[in-house]
Amino acid sequence: MPQETQANKTTRDERFDPHSFETKWYERWQQDPSLYRAEPTSTKPKYYVLEMLPYPSGALHMGHVRNYAIGDALARYMWMNGYNVLHPMGWDSFGLPAENAAISNNTPPREWTLRNIANMKAQMKRLGFAYDWSREVTTCFPEYYRWNQWFFLKMYERGLAYRKKSRVNWCPKCATVLANEQVVDGCCWRHEDTPVEQRELEQWFLRTTNYSEELLRDLDKLPNWPERVVTMQRNWIGRSEGALVDFKLEGPAGPAGSTITVFTTRVDTIYGATSVQLAPEHPLVADLAAGNADLSAKVSQMMAEQRKAKEVGDIGEIEKHGVDTGRFAINPYNGEKVPIWVANYILMDYGTGAIMSVPAHDERDHEFAKKYGLPIQQVNQPRAASEPVDVQKAAVTTTDGVVINSGPFTGLSCEEAITRMAEYAETYGFGKPTVTYRLKDWGVSRQRYWGTPIPMLYCEKDGIVPVPEKDLPVILPDNVEITLSGGSPLARVPEFLNTTCPKCGGPARRETDTMDTFVDSSWYFYRYADARNDRAPFESKIIGYWFPIDQYIGGVEHAILHLIYSRFWTKVMRDMGLVQNDEPVQRLFTQGMVIKDGAKMSKSLGNVVTPDEMIARYGADAARLYSLFAAPPDRDLDWQDTGIEGIQRFLGRVYRFVARHASATRVAASHETGQAPSLPPEARAIQRKLHQTIKRVSDDFQGRWHFNTCIAAIMELVNELYAVEDKIDTMAGPLLAEVQRDLVLLLAPFAPYLAHELWEMLGEGENLLRAPWPKYDPALAKEEEIEIPVQINGKLRSRIVVPADSDHTFVRERALADEKVKAAIAGKQVVRVIPVPGKLINIVVK
RNA sequence: GCCGGGAUGGCGGAACUGGCAGACGCAGCGGACUCAAAAUCCGCCGGUACUUGGUACCUUGGGGGUUCGACUCCCCCUCCCGGCACCA
């Protein structure tokens, strides 16, 4: 054995070559496809960890690597802790970039997409991510999208899918319609410099608004979602409580009827209403303007103005103006006649498109009334008025007040009046309490080729006819000419377009729009649980076992779009009896972006770092470990090329240390004796550090996920091992063996290649993924002596070393006896001594 | 305007419940090894002042406060990032 130690010393400067062993393990892992498979049933507890599936754009970027490194570390940790882990991966593979590539490279979208998938899958494998590929989901395959179509039919049956003509967002670059969620600052979410146009089109919608209330309420069931995601969804749903009140039109009524229903959150101020304001697009406006050329012209001008403002995204900035229609409406509470105006700041798509204008108690109404000389009438007196209020000067908008000049409601508090007056309206049939939402139905039609065909037919005789379930899937044809003009490419494929009506057997044509790709990603994670089912999207019993997802990890950019649609889809499936869970995701983690030199990586800035070059230079482990080490995972990560070199150095230090002492460990392991005899102090220090490190890493996995500090802790352990390495041979063998094994286990979730290599080097035959996570012993982690800082009047003046379990009296005596302390308090009076057990002592002197 | 999040050395970041500010890493400086370089190993590394060791003072975006003690709590302000917004 001494000779062997000698031999090891000679390998001290052995080069650390991650590529040789990463290649070796990569090949071994490819040979065993069952390695990361989840067990269909198990006595172990289940754990479903999921990273957001990528769009197959061509190659992974560092943001992907970071996302998957977090998920992979967690999956490996859970495996080592004895869980039945489901850790799948798939491809969100429908979408526009494939069509754009088809146009620019003359490559069919399918071919382009599948090539990208192959490339990215190879990258993932090379990075060592532990996915259960037997459950791979590719959304552009008929075996997947047929279930999109199936769900669509089920929603149609339940009245949740419907077709209507409406004003929709249109991106001229995508040549298709966008959902409200896909419009960012008035521009397309894909083309941030392209303003969205408004077009009138016949479209398919899903009734997300049926679930507005539940989508909002159930946010309370998600305590383990990031606060900001919950807030963003809450804002997006935009619940507002108020009342509907009917104002009767005075004089002749047109086709739009004789009632103007207004929505208000402040019905308590209705006695102060001095006009009614309509949105230019309000149906009644056409009636009122009929035969009035001047009014018609002004109204169409306002419509144009609103549309333009909406496109540019600065609705809210435009100057308020309006026009008096010359007609009147009756306030149902007091019978008063108020003029009806049309105003450019009233939006048809919020509330009812009509408001009552109360200039005394609303700032916008006040501004408007001032401009046009409309009367301002106070009906609300604030309680805590420091100076006399003058509603002619400024609106009083507080709800902390008392209702005045309001007939039978005079004297009520605002809050009470809001309730009582709405009830009153309901009793007398001219209104009711109500709730409105900002959330709109989800427009899912896209005038594009590379997506799921919407399974609907149009028959001249029978109208809209759903494709019978037995005829699914409606296959997306190949060889379609793709252009970005002239509407849906599928409309130019006669073989696809023309079919027969299943009801009457007569000629029918197919719907040529495809589904928004967010449909694909709204339920893909259910498919993973039962990915090869060809009779149903999945078996409910299997969903019952795996759901909800224990941990979902992805970018915060999906906080609204994908995550609200997924929640909606789950609730619909639950109401269909397919799943039992109300929510798909138990815990959500949103990781920060990877940036470089303070900016998002982009080709135009030339600051792109690719995983391939990082693997080539430093290896997969280093790329993964650095993406976890450089910043806490929830924050943005500023990529520094020199930073990853430090990680590579660290991995080399680990490798060399274990390599140098592996044989000693193997020998020790072969005649393990159980509890070591009392250790020499240096060995005890190492043991203590080891157990402290195990605690820190384990705790972080349970709670904060600050993997940057976990890795720092492991670095500290390795630094300590190096500091005593010269003496390590004289230390007890079993301890060295324990340290080496545990060090490798601690690194296994973060740097799997290195960990596997060293595990084998230590003579461990067992699969590392199934090796038990090390346990720490609090007694062994505990310090025997601690250093106590001594403060005088809150300033650090000295430090003393005392046994860890010293009581206060002892610490106090030692502190007061300290030379530096004595000098500092000489001639002064000790007023108080404040102990912080185990932490610090502060002496207050005068 | 409203709602979140953030600002700490030359840089990325640490300090978890009010208790040693700057862990760990990068960059930098010095040393060992080497003919030399790379690699590796060891040491130093917030600022200012003074006689080196050392000691004192300053320092967590700015200003005030609470406290024996504040990166951490409270009030005011500045800047940055994200969401919502004529929402009635």
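The basis for the numbers below is simple: all heavy atoms, side chains too, and nothing from hydrogens, waters or symmetry mates. Order of the sequence lines sets the chain letters (A, B, ...), proteins ahead of strands, with each chain counted from 1.
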note = Sequence neighbours excluded, the answer for side-chain contact (heavy atoms from CB on, under 4.5 Å) partners of A/Arg696 is A/Thr709, A/Ala713, A/Glu716
request  = Answer yes or no: does atom NZ of A/Lys689 have more than 12 heavy-atom neighbours from other residues, nucleotides or ligands under 6.0 Å?
outcome  = yes
query = Looking at A/Lys440, does any N or O in its side chain come under 4.0 Å of the phosphate oxygens OP1/OP2 on B/rC87?
reply = no
What protein N or O atoms touch nucleotides 21-24 of chain B N or O atoms at under 3.5 angstrom, if any, and at what distances?
| from | atom 1 | to | atom 2 | distance (Å) |
| --- | --- | --- | --- | --- |
| B/rA23 | O2' | A/Glu716 | OE2 | 2.9 |

query = Pairing of RNA chain B as dot-bracket, 5' to 3': ( ) intra-strand, [ ] crossing, | other strand, . unpaired, with Watson-Crick or G-U pairs under 3.5 Å?
reply = (((((((..(((......[....))).(((((.......))))).(((((...)))))..(((((..]....))))))))))))....
task = Look at all strands and tell whether A/Asp699 reaches a base, only sugar-phosphate, or nothing, counting heavy atoms closer than 4.0 Å.
result = nothing
query = When all nucleic acid strands are considered with a 4.0 Å heavy-atom cut-off, which category describes A/Ile346: base, sugar-phosphate, or nothing?
reply = base
For residues 838-846 of chain A, dump all side-chain donor-acceptor pairs below 3.5 Å to protein atoms at least two apart in sequence or in another chain.
| from | atom 1 | to | atom 2 | distance (Å) |
| --- | --- | --- | --- | --- |
| A/Asn842 | OD1 | A/Gly794 | N | 3.0 |

message = If you take any heavy atom closer than 4.0 Å to RNA chain B, which residues from residues 831-846 of chain A end up in contact?
response = A/Arg832, A/Ile834, A/Val836, A/Lys839, A/Leu840, A/Asn842, A/Val844
ask   = Does A/Lys320 make a cation-pi contact with A/Phe368, if we ask for NZ or CZ under 6.0 Å from the ring centre and within 45° of the axis?
value = no
request  = Describe the nucleic acid contact of A/Trp236 in one word from base, sugar-phosphate, nothing, applying a heavy-atom distance below 4.0 Å.
outcome  = sugar-phosphate
query = Can you list the residues that meet the ring-ring contact (aromatic ring centres under 6.0 Å, His included) rule with A/Phe263, with sequence neighbours excluded?
reply = none
query = Touch check for A/Arg635, heavy atoms < 4.0 angstrom, all strands: base, sugar-phosphate only, or nothing?
reply = sugar-phosphate
task = Using the test ring-ring contact (aromatic ring centres under 6.0 Å, His included), find all partners of A/Phe707 that sit at least two apart in sequence or belong to another chain.
result = A/Phe701, A/Trp705, A/Phe750
Quiz: residues 231-240 of chain A side-chain donor-acceptor pairs under 3.5 angstrom, not counting sequence neighbours:
| from | atom 1 | to | atom 2 | distance (Å) |
| --- | --- | --- | --- | --- |
| A/Thr231 | OG1 | A/Glu227 | O | 2.8 |
| A/Gln233 | OE1 | A/Arg567 | NH1 | 2.8 |
| A/Gln233 | NE2 | A/Ala559 | O | 2.9 |
| A/Arg234 | NH2 | A/Asp220 | OD1 | 3.4 |
| A/Trp236 | NE1 | A/Glu181 | OE2 | 3.0 |
| A/Arg239 | NE | A/Glu213 | OE1 | 2.9 |
| A/Arg239 | NH1 | A/Glu241 | OE2 | 2.8 |

task = Would you indicate what A/Gly646 reaches in the nucleic acid, counting non-hydrogen atoms under 4.0 angstrom: base, sugar-phosphate, or nothing?
result = sugar-phosphate
Set of residues satisfying ring-ring contact (aromatic ring centres under 6.0 Å, His included) with respect to A/Phe650, sequence neighbours excluded = none
query = Reckon A/Arg228 touches a base, only the sugar-phosphate, or nothing at all at heavy-atom distances under 4.0 Å?
reply = sugar-phosphate
inquiry  = It should be established whether A/Arg234 places a side-chain nitrogen or oxygen under 4.0 Å from OP1 or OP2 of nucleotide B/rC2.
reply    = no
key: Partners meeting ring-ring contact (aromatic ring centres under 6.0 Å, His included) with A/Tyr776 (sequence neighbours left out)   = none
query = Can you list every pair that meets side-chain hydrogen bond (donor to acceptor under 3.5 Å, both in side chains) and has a residue in residues 270-279 of chain A, with sequence neighbours left out?
reply = A/Ser275-A/Gln277
Phosphate-side-chain proximity, A/Arg653 and B/rC42, N/O vs OP1/OP2 below 4.0 Å = yes
task = Report the residues that fulfil side-chain contact (heavy atoms from CB on, under 4.5 Å) with A/Arg635, sequence neighbours left out, ordered by chain and then residue number.
result = A/Pro632
message = At less than 4.0 Å, is any side-chain N or O atom of A/Ser240 found next to OP1 or OP2 of B/rA88? Yes or no.
response = yes
